[in-house]
Amino acid sequence: MNHIKRRDVLKIGALAATGLGFPAILRAQSKEIVILGLWDQTGAFADVGPLNDRGMRMALEERDMKILAGRSSTSRATAARRPAPPPGARKRRWTPKARSSSSARGPRRCARGIEVAKRKKVVHLFSGGTEDISGSRCHRYSFQWAASPYTAAKTVVDNFMKANPKAKRWHLLVADYAFGWSVEKYIKEVGKTHGIEFVGADRHPLGEREFSNYVQKAAANKPDVVVMINFGGDAVAGAREIFNFGLTPKLPLIMSWSSGVEELVQLAPEIRDNLWVGTNFYYTADTPVAKSFVKSYQARFKLPPGYAPSAAYSMTRMLLAGFDKASRMMCRPW
């Protein structure tokens with residue numbers, strides 16, 4: 001049987017600490033597998049990082065795994081120790097490439113993480129909306145949990161146009177980085193099939209909090225609908241400014257890729273009027289696992305889970321399920 005060695009885990013941990021901004025927290029013993037979750041604590045996704053952490057911890061705690069935690073100035077890392085298979089299981093062998101696993105939120109940080117995973121040949125899970133990571137940079141060790149940008153765009157556009165077939169003039173407000181570019185590309189592509197005219201598209205930097213100029217330009221274009229392609233604090237700030245200017249609720253506002261509950265609770269009820277939201281998870285999902293997770297999360301945090309904690313929970317749970325399956329079969333070296 002192929003056991004993980006202490007020195008190998010420490011090497012992987014040292015590389016992660018150097019290349020990704022991980023705190024130096026890895027102290028793995030022999031026959032242990034380290035899983036890392038790297039979450040934003042500052043910037044535009046500062047409100048999302050702690051929610052990712054919640055989801056991952058819940059998945060780990062279901063397995064009674066030991067959780068280690070550390071913090072740097074810009075990120076939080078959650079590490080867990082998973083025991084290796086029992087020595088007596090001669091037909092069970094861990095694939096050497098799956099010795100350390102990580103999940104991350106935030107395209108720029110993930111772009112670095114996916115390259116580290118490729119070099120070190122370790123499993124990497126990600127949930128986000130950039131086709132750069134799920135497309136050109138994708139490799140055999142990388143897995144994407146969230147819907148693709150095309151799927152997200154098509155779902156939002158098709159469903160909105162089904163309910164509002166005359167709303168053909170669209171103004172886009174786009175976060176100016178890989179995620180925004182990818183979703184914008186496919187909203188325009190799918191929009192053509194519905195005869196949508198894109199009367200304007202403004203791009204804003206990640207972490208923008210002053211949207212008055214963008215909203216004035218949107219109003220001048222006299223759109224039938226305003227679409228935001230951003231996330232987290234950017235989406236909340238944009239929705240508030242659009243409402244304060246008086247565009248909504250007269251005009252519908254689409255949040256094309258939202259964290260769901262966590263963004264909605266930050267908006268006053270009147271801002272949520274005529275608001276259309278696309279999200280990768282909603283707490284009414286009718287599956288046994290989703291129901292169980294929602295029930296546990298609500299009991300613990302007094303609020304339904306949105307996309308962020310659900311993505312982290314799902315990725316971690318899937319990874320652990322993969323470990324279970326690998327321990328019951330021979331794993332062919334890659």
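Both backbone and side-chain heavy atoms feed into the values below; hydrogens, waters and symmetry mates do not.
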What pair of heavy atoms forms the shortest contact from [X] to [Y], and how long is it?
X	Y	result
S310	F293	OG-CE2, 3.3 Å
L51	A308	CB-CB, 3.9 Å
A201	H171	N-CE1, 4.1 Å
A218	P223	O-CD, 3.1 Å
R203	Y214	O-CE2, 3.6 Å
D176	W181	OD1-NE1, 2.8 Å

Practice item. Dump the intermediate steps for side-chain contact (heavy atoms from CB on, under 4.5 Å) on W39 and V48, then the final yes or no. Key: CA-CA 8 Å; W39 320 120; V48 179; over 6 Å; no

Would you say [X] and [Y] are hydrophobically clustered, going by side-chain heavy atoms of ILVMFWY under 4.5 Å?
X	Y	answer
L247	V199	no
F45	I229	yes
V157	I254	yes
F231	V227	yes
L267	V261	no

Practice item. Using the salt bridge (Lys or Arg N to Asp or Glu O under 4.0 Å) rule, collect all pairs that involve residues 142-157, keeping only residues at least two apart or in two chains. Key: K154-D158

Check your understanding: Please, which pairs that meet salt bridge (Lys or Arg N to Asp or Glu O under 4.0 Å) have at least one residue in residues 280-295, sequence neighbours excluded?
Key -> D286-K291

In the structure I gave you, are the side-chain heavy atoms of [X] and [Y] within less than 4.5 Å of one another anywhere?
X	Y	value
F243	P249	yes
L319	I35	yes
F301	M58	yes
S127	Y307	yes
L172	F198	yes
P305	F281	yes
V156	I187	no

Review point. Does the side chain of S142 pick up a donor-acceptor pair with the side chain of Q144 at under 3.5 Å?
Key: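 Distance-only check fails for S142 and Q144.
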
Study note, to complete from the structure: Contacts of S258 meeting side chain to side chain contact (heavy atoms under 4.5 Å, CB included) (sequence neighbours excluded), chain-then-number -> M255, E263, V277

Determine all donor-acceptor pairs shorter than 3.5 Å in which one atom belongs to a side chain in residues 233-242; sequence neighbours excluded.
from	atom 1	to	atom 2	distance (Å)
D234	OD1	G207	N	3.2
D234	OD1	E208	N	3.4
D234	OD1	R209	NH1	2.6
D234	OD2	G207	N	3.2
R240	NH2	Q266	O	2.7

Exercise for review: List for me each residue that meets salt bridge (charged side-chain N to carboxylate O under 4.0 Å, His left out) alongside K168, sequence neighbours excluded, and say none if there are none.
Suggested key: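 Here no residue qualifies.
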
Review point. What pairs with R272 under salt bridge (charged side-chain N to carboxylate O under 4.0 Å, His left out), at least two apart in sequence or on another chain?
Key: none

Check your understanding: Does a sphere of radius 6.0 Å around CZ in F245 hold more than 12 heavy atoms from other residues, nucleotides or ligands, not counting ones at 6.0 Å or beyond?
Key -> yes

Exercise for review: Indicate the ring-plane relationship of W170 and F160, choosing parallel, tilted or perpendicular according to the 30° and 60° boundaries.
Suggested key: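 Perpendicular, since the angle between the ring planes exceeds 60°.
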
Practice item. Apply side-chain contact (heavy atoms from CB on, under 4.5 Å) to the pair F143 and M315, showing each step before the final yes or no. Key: CA-CA 9 Å; F143 298 87; M315 288 188 290; over 6 Å; no

Point to revise | Audit row: L264, L275, side-chain contact (heavy atoms from CB on, under 4.5 Å) steps and yes/no | key: CA-CA 10 Å; L264 295 177; L275 177 64; 3.7 Å; yes

Practice item. Find the distance between CD (E61) and OG (S296) and round it off to the nearest 0.5 Å. Key: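 Here the interatomic distance stands at 10.5 Å.
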
